[in-house]
Amino acid sequence: MATRTHDISVSVAPALRGAFDGRRELSLGVPAAAGIGDVVEALLRLYPRTRQLLAGDGGEPGGLYLHVALDEASARELTPGGGGMPGGCRLYVFALSRPPKGGRTGGEG
């Protein structure tokens, strides 16, 4: 029996397109029961340059790191018992800057 899959659309913010081979949008076929972690793993596997954008201790202060967002209805489907990523779901991949060392984001004072 074949595993049922859903197509997931991923919109890539301009600051991250270099890590996604210049693409502004892509489509992933994922198993119907896939969660957000499965989608992120697929993105990391397909676009290895995105690994350097994972939030962690090794990144440069002020450097970009990867964020993934989705709409409220899709998020509800990912709650326990929700059934996984809905078909036609759209994810948004964007970047924020890492905070400076020490966590200070404001000016002197």
Side-chain angles (χ1 to χ4, degrees):
M1 176 185 249
T3 302
R4 215 173 85 214
T5 62
H6 291 304
D7 286 329
I8 305 296
S9 297
V10 181
S11 293
V12 180
L16 294 178
R17 290 182 187 155
F20 287 90
D21 299 334
R23 299 186 64 183
R24 69 184 308 170
E25 188 163 312
L26 49 117
S27 181
L28 295 175
V30 298
I36 190 75
D38 300 310
V39 173
V40 171
E41 284 182 22
L43 290 172
L44 294 172
R45 189 173 53 255
L46 292 168
Y47 301 94
R49 288 185 289 180
T50 58
R51 290 182 187 277
Q52 68 189 2
L53 299 169
L54 293 177
D57 295 336
E60 289 293 318
L64 299 178
Y65 67 102
L66 185 78
H67 279 262
V68 178
L70 62 157
D71 62 87
E72 183 180 353
S74 298
R76 262 195 306 276
E77 292 294 323
L78 291 173
T79 61
M85 300 286 291
C89 173
R90 178 172 296 278
L91 286 161
Y92 301 90
V93 181
F94 60 98
L96 294 178
S97 296
R98 293 177 191 275
K101 290 199 187 280
R104 291 186 57 127
T105 57
E108 297 292 321

Are any non-hydrogen side-chain atoms of L70 and C89 less than 4.5 angstrom apart?
yes
For the CZ atom on R90, are there more than 12 heavy atoms of other groups (residues, nucleotides or ligands in this structure) within a distance under 6.0 Å?
yes
Decide whether V68 and Y92 are clustered together by the hydrophobic rule: side chain heavy atoms of Ile, Leu, Val, Met, Phe, Trp, Tyr closer than 4.5 Å, transitively.
no
Closest approach of F94 to A69 (non-hydrogen atoms, all atoms of both residues):
CE2-CB, 3.8 Å
Going through the distances and angles, do V30 and D38 end up as a side chain to side chain contact (heavy atoms under 4.5 Å, CB included)?
CA-CA 8 Å; V30 298; D38 300 310; 6.0 Å; no
Under the side chain to side chain contact (heavy atoms under 4.5 Å, CB included) criterion, do L28 and L43 qualify, and how do the steps go?
CA-CA 9 Å; L28 295 175; L43 290 172; 3.8 Å; yes
How about F20 and L46: do any of their side-chain heavy atoms sit closer than 4.5 Å?
no
I need the Q52 CD to L66 CG distance, nearest 0.5 Å.
10.5 Å
Would a distance-only check, ignoring hydrogens and angles, find a side-chain to backbone donor-acceptor pair under 3.5 Å from R23 to V12?
no
In terms of heavy-atom contacts, A95 and L16 come closest through CB-CD2, 3.6 Å
Between CZ on residue R45 and OG1 on residue T50, distance to nearest 0.5 Å:
11.0 Å
Shortest non-hydrogen contact between S11 and E25, atoms and distance
OG-OE1, 3.8 Å
